[in-house]
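Each residue takes its place number in the sequence, starting with 1. In listed order, ligands and their atoms are each counted from 1. Here the structure is a predicted model, which is why all the values come from computation and not from measurement.
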Amino acid sequence: MNPAKVFLVSLVIKFLLLQVSISKDTINTNELLADGETLVSSRQKFTLGFFTPGNSRNRYVGIWYTISGPMAESVVWVANREKPINDTSGVLSIDSKGNLVIYARNQTMNPIWSTNIVTVSSSMFTTSMAQLLDTGNLVLVGEDGTKSTVAWQSFDHPASMVLPGQKLGLDRGTGLNKILTSWKSQDDPATGEYSFWLVSLGCLEMFLYRGQVLWWRTGPWDGVKFNGVPEMTRHVIYTFSVVNNSHETSFTWGITDPTVTSSFYLDESGLINRGLWQDHDVKWVVFWAGPIVVCDYYGHCGPSSVCDPYNGGFECSCLPGFQPRSPNEWNSRDGTGGCVRKPGLQMCGHGDGFVKFEQAKLPDTTVARVDMSLDLQACELECLRDCSCMAYAVANISSGEGCTRWYGVLNDTGHFTYGGQDLYVRADASELAKYTKSSKGLLAKNGMLAVLVISLAVPFILVLCCLSWCMKRKRIDRSKDEFDEGLPCLDVHAISAATDNFSFSNKLGEGGFGSVYKGQLANGQEIAVKRLSATSRQGVEEFKNEVRLISKLQHKNLVRLYGCYIHGEEKMLIYEFLPNRSLNFFIFDETRRSTLDWSKRFEIILGIARGLLYLHQDSRLKIIHRDLKASNVLLDAAMNPKISDFGMAKIFGEDQTEDKTSRVMGTYGYMSPEYATHGRYSTKSDVFSYGVLMLEIISGRRNNDYVDEGPAMNLISHVWELWREGTPLDVVDPLLGQAFPTQEVLKCIQVGLLCVQENPADRPTMSATLSMLGNETALSSPRKPAFILETRHSNSDSSTPKTASVNNVSITVIEAR
Ligand SMILES: *[C@@H]1O[C@H](CO)[C@@H](O)[C@H](O)[C@H]1NC(C)=O
Ligand SMILES: *[C@@H]1O[C@H](CO)[C@@H](O)[C@H](O)[C@H]1NC(C)=O
Ligand SMILES: *[C@@H]1O[C@H](CO)[C@@H](O)[C@H](O)[C@H]1NC(C)=O
Ligand SMILES: *[C@@H]1O[C@H](CO)[C@@H](O)[C@H](O)[C@H]1NC(C)=O
Ligand SMILES: *[C@@H]1O[C@H](CO)[C@@H](O)[C@H](O)[C@H]1NC(C)=O
């Protein structure tokens with residue numbers, strides 16, 4: 001027994017002697033704790049008693065945070081997790097041998113659960129009491145005549161939660177390895193599929209397993225944090241420590257602010273959750289959860305690859321000197337096969353060296369060795385000398401000391417936007433030359449030569465603090481909210497905390513669909529929450545459609561979805577917050593528009609085209625947006641456009657070119673004629689909308705703004721007239737003055753007209769559009785655009801704008817989405 005424990009226990013005993021009456025945090029020998037009775041720790045922080053989880057009918061003995069009661073996310077420990085009691089006859093007591101036991105009343109001889117530490121009654125050793133401490137630890141105190149010791153403690157037998165000060169890992173003295181194991185479900189605390197272990201194979205690292213399968217790695221302990229959890233250093237209220245010595249290998253965490261109540265547990269869906277108790281809401285909020293990003297999942301990109309979820313394209317790429325094992329799979333965005341060595345490379349002793357990866361999640365350390373006596377330079381030499389050494393890195397980043405070297409296949413290497421570590425990967429001379437030349441990417445060559453400093457285009461960091469993602473697995477199965485496989489959903493409490501309970505001051509706007517709120521997570525990250533009104537015409541299907549689609553898309557010109565919430569009528573989408581609102585806010589407002597010079601406008605035009613091209617052809621799916629318009633293009637702080645609102649988007653099969661719907665939804669002025677009148681849509685109907693948008697950006701006028709200038713007049717017809725008269729530049733926004741490159745603007749007008757041609761087949765594809773905008777190629781002459789419409793009906797529906805536009809068949813128009 002270690003001295004600290006002895007000290008603690010003697011304190012406890014002294015404390016008890018002062019108390020004359022039986023303390024309610026303690027069970028003494030020959031006392032019972034019946035179902036319905038509880039022990040409460042001295043400062044009320046923790047309660048022990050019988051409880052029934054979720055919708056179960058069974059009774060369990062457990063410890064929970066007093067403040068929140070025995071909910072799945074606040075149960076700290078469960079005694080009889082595998083052996084429930086089916087009625088309220090259960091009793092907790094210390095039996096005649098000194099074990100803490102649970103049995104059904106009148107069944108003393110057949111305990112349901114026992115600490116099992118004392119097998120024979122001995123006069124030398126007796127246990128005297130069990131006490132629930134304010135740390136959440138239940139200790140069974142024993143005496144051998146001279147001193148008291150802790151004979152057993154719940155901290156040594158964790159269930160799904162680890163408390164501040166509680167150790168996970170191996171006690172080399174007792175051989176006890178303390179791991180977290182998930183519950184089976186929120187109704188059943190029996191050991192579930194997931195387990196979380198501290199391992200010390202090559203390095204000190206934590207592994208999350210799903211059954212026997214390695215599911216997630218935290219990355220090696222780098223002296224400050226686990227390399228694969230950059231967020232660990234961001235939150236100043238937490239402390240972490242990993243110890244490895246001859247007594248133990250352990251991980252512990254703590255809170256520096258005693259007013260904060262925080263939990264750390266492995267939930268039944270395999271997520272490690274960092275919970276934070278919110279006093280004012282009387283709720284647990286998930287402050288951090290992992291694994292969440294695709295690259296978190298072990299082996300997402302297979303061996304010898306790098307997984308980078310932030311590169312804007314396919315997240316998998318091969319390490320230098322490697323190529324995809326199956327190019328076909330790779331092209332269809334399946335990276336699990338990983339990479340194999342390129343043939344014919346001269347490795348080892350032929351001028352090889354190391355390529356430096358910045359901000360890396362270090363590869364699987366199962367094949368790594370640590371040598372604390374080597375510095376980085378010695379590390380490189382040591383690795384270079386041995387041909388089987390594949391990579392090296394600094395072992396302790398805070399001291400810059402020590403050397404970790406990998407001997408074998410590099411698995412599960414990742415890239416972060418911050419908080420990662422430099423990793424040096426062996427490459428042959430030809431690869432080295434390539435990386436030395438390359439001016440961008442994650443790689444730079446290291447060596448005795450100069451270190452190439454690379455500036456990374458750092459995309460938005462996906463730190464989902466506060467957001468409880470329930471991805472894919474069990475949580476969705478048990479969800480009463482009927483959520484589909486694969487939809488990330490969030491905790492409503494985190495959302496409402498972030499938006500100050502949807503306060504008016506956080507409201508960004510309102511539309512036919514409901515309201516948008518600005519929110520700020522506990523870590524300062526800003527989000528936008530689109531809360532759909534119950535009467536929103538975006539039905540559950542459209543909503544799910546949007547979530548499903550956008551959560552799969554990653555492109556810098558598409559707005560990023562963080563998650564959603566759906567429960568009955570309540571539907572919410574959580575996006576990245578874009579401070580400059582939407583394009584219509586700028587281009588249709590004289591003051592704001594004047595801040596957009598031509599080069600900015602051209603960048604926006606190109607950005608939208610890139611986003612659309614990604615949707616049409618470069619993403620894994622072929623997606624028709626169907627509602628591209630100025631208000632659906634959001635702008636970030638640097639005025640980069642991001643296409644949003646996928647409520648009406650449709651996925652096409654690879655060979656499908658067109659579809660037809662009887663339910664036409666879109667916005668006047670942007671809808672192509674074949675869609676508005678016949679319900680036919682294709683990538684070319686998006687191209688039409690894009691053409692309209694481009695002309696609006698150039699002119700600063702809405703397509704529909706020409707109502708007073710005669711029937712059948714709109715921006716398109718106006719531009720067409722000017723084009724035919726040879727004066728297209730007359731349409732250019734006067735606020736641009738003369739400060740624009742004439743040829744470029746002319747080209748844009750022409751491309752815009754090509755995009756709005758009447759016949760969809762005549763319109764260019766988005767890739768053709770982009771290449772026309774980017775190159776000095778000759779452009780074809782536009783044919784008559786689709787703007788003159790045979791009939792013009794007045795519309796009684798006041799919500800639809802009075803414009804000279806299409807109104808035929810059954811058109812449902814959703815405005816101001
Ligand atoms: C409860 O458990 C006892 C003992 O395990 C068993 O005999 C009894 O049938 C169970 N009762 C119910 C209602 O399942
Ligand atoms: C248990 O014992 C008590 C008193 O000894 C008795 O009143 C009660 O009926 C017993 N219950 C059962 C289920 O046998
Ligand atoms: C951990 O400590 C043990 C015992 O001191 C030692 O043998 C082992 O190499 C250490 N492991 C790591 C990864 O530092
Ligand atoms: C890493 O370096 C820091 C700073 O020198 C030191 O305090 C810490 O103990 C080191 N950690 C390990 C695991 O060596
Ligand atoms: C790397 O991944 C491959 C394929 O998933 C696996 O066969 C191999 O054992 C892994 N290597 C290590 C060191 O874990």
Side-chain angles (χ1 to χ4, degrees), residues 167-175 177 197-229 232-233 239-253 294-307 316 318-319 322 324-326 329-330 334-341 361-376 379 388-414 421-423 425-426:
K167 287 174 180 174
L168 290 184
L170 180 69
D171 181 331
R172 294 188 206 280
T174 61
N177 196 4
W197 308 60
L198 178 64
V199 292
S200 60
L201 292 163
C203 298
L204 300 163
E205 168 159 13
M206 298 199 77
F207 285 175
L208 175 66
Y209 282 92
R210 180 183 194 176
Q212 305 289 313
V213 178
L214 180 51
W215 197 244
W216 176 57
R217 302 162 46 233
T218 60
W221 179 253
D222 65 16
V224 177
K225 62 176 190 312
F226 288 111
N227 157 263
V229 193
M232 282 173 81
T233 48
T239 59
F240 301 97
S241 122
V242 169
V243 169
N244 180 53
N245 57 35
S246 57
H247 305 296
E248 64 181 10
T249 303
S250 71
F251 165 77
T252 46
W253 70 279
V294 285
C295 293
D296 285 346
Y297 297 98
Y298 185 84
H300 179 75
C301 293
S304 306
S305 66
V306 180
C307 193
C316 302
C318 290
L319 286 170
F322 288 82
R325 190 181 55 82
S326 161
E329 282 175 16
W330 210 260
D334 175 0
T336 49
C339 306
V340 292
R341 256 201 199 294
K361 174 173 180 177
L362 300 181
D364 189 343
T365 58
T366 316
V367 293
R369 268 181 242 159
V370 181
D371 190 340
M372 288 311 290
S373 67
L374 298 181
D375 67 9
L376 194 61
C379 194
S388 63
C389 179
M390 292 303 302
Y392 70 92
V394 169
N396 183 338
I397 58 157
S398 69
S399 63
E401 286 166 352
C403 166
T404 306
R405 299 191 300 283
W406 281 260
Y407 296 88
V409 177
L410 301 181
N411 275 354
D412 204 41
T413 312
Q421 199 185 322
D422 292 347
L423 172 71
V425 177
R426 181 182 283 267

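- At least one N or O atom of Asp364 sits closer than 3.5 Å to an N or O atom of ligand 5.
- Every atom of ligand 5 with a heavy atom of Tyr298 under 4.0 Å away is listed here by number and element: 14 (O).
- Proximity of a side-chain donor or acceptor of Arg325 to a complementary backbone N or O of Gly337 within less than 3.5 Å is detected.
- If you look at Arg172 next to ligand 3, the close heavy atoms, those under 4.0 Å, all belong to the side chain.
- Arg405 places no side-chain N or O within 3.5 Å of a backbone atom of Asp371 that could act as its donor or acceptor partner.
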Return a table of N or O atom pairs, ligand 4 on one side and protein on the other, at distances under 3.5 Å, rounded to 0.1 Å.
residue	atom	partner	partner atom	Å
ligand 4	2 (O)	Asn396	OD1	3.2
ligand 4	2 (O)	Asn396	ND2	2.4
ligand 4	2 (O)	Ser398	OG	3.1
ligand 4	2 (O)	Ser399	OG	3.4
ligand 4	11 (N)	Asn396	ND2	2.8
ligand 4	14 (O)	Asn396	ND2	3.2

Inset, instruction - With side-chain contact (heavy atoms from CB on, under 4.5 Å) as the test, would you mind laying out the steps for Lys361 and Asn227 before giving the verdict? - result: CA-CA 6 Å; Lys361 174 173 180 177; Asn227 157 263; 3.8 Å; yes
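- Contact check for Asn411 versus Pro303: side-chain heavy atoms found under the 4.5 Å cut-off.
- Here Arg369 pairs with Tyr407 under the side chain to side chain contact (heavy atoms under 4.5 Å, CB included) rule; sequence neighbours left out.
- Each of Trp216, Trp197, Trp221, Phe251 was compared with Met206 under the side chain to side chain contact (heavy atoms under 4.5 Å, CB included) criterion, and only Phe251 meets it.
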Inset, instruction - Take Ile397 and Lys225 through the test side-chain contact (heavy atoms from CB on, under 4.5 Å) and record every step on the way to the result. - result: CA-CA 9 Å; Ile397 58 157; Lys225 62 176 190 312; 3.7 Å; yes
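- Counting heavy atoms under 4.0 Å from ligand 5, residue Tyr407 does not touch it at all.
- Between the Asp334 side chain and the Thr336 main chain, a donor and an acceptor come within less than 3.5 Å of each other.
- Ligand 5 places these atoms under 4.0 Å from at least one heavy atom of Asn411: 1 (C), 2 (O), 3 (C), 8 (C), 10 (C), 11 (N), 12 (C), 14 (O).
- Every atom of ligand 5 is numbered from 1 in the order shown, and the set under 4.0 Å from a heavy atom of Val367 is 13 (C).
- Residues Tyr298 and Asp364 meet the side-chain proximity criterion, which asks for heavy atoms closer than 4.5 Å.
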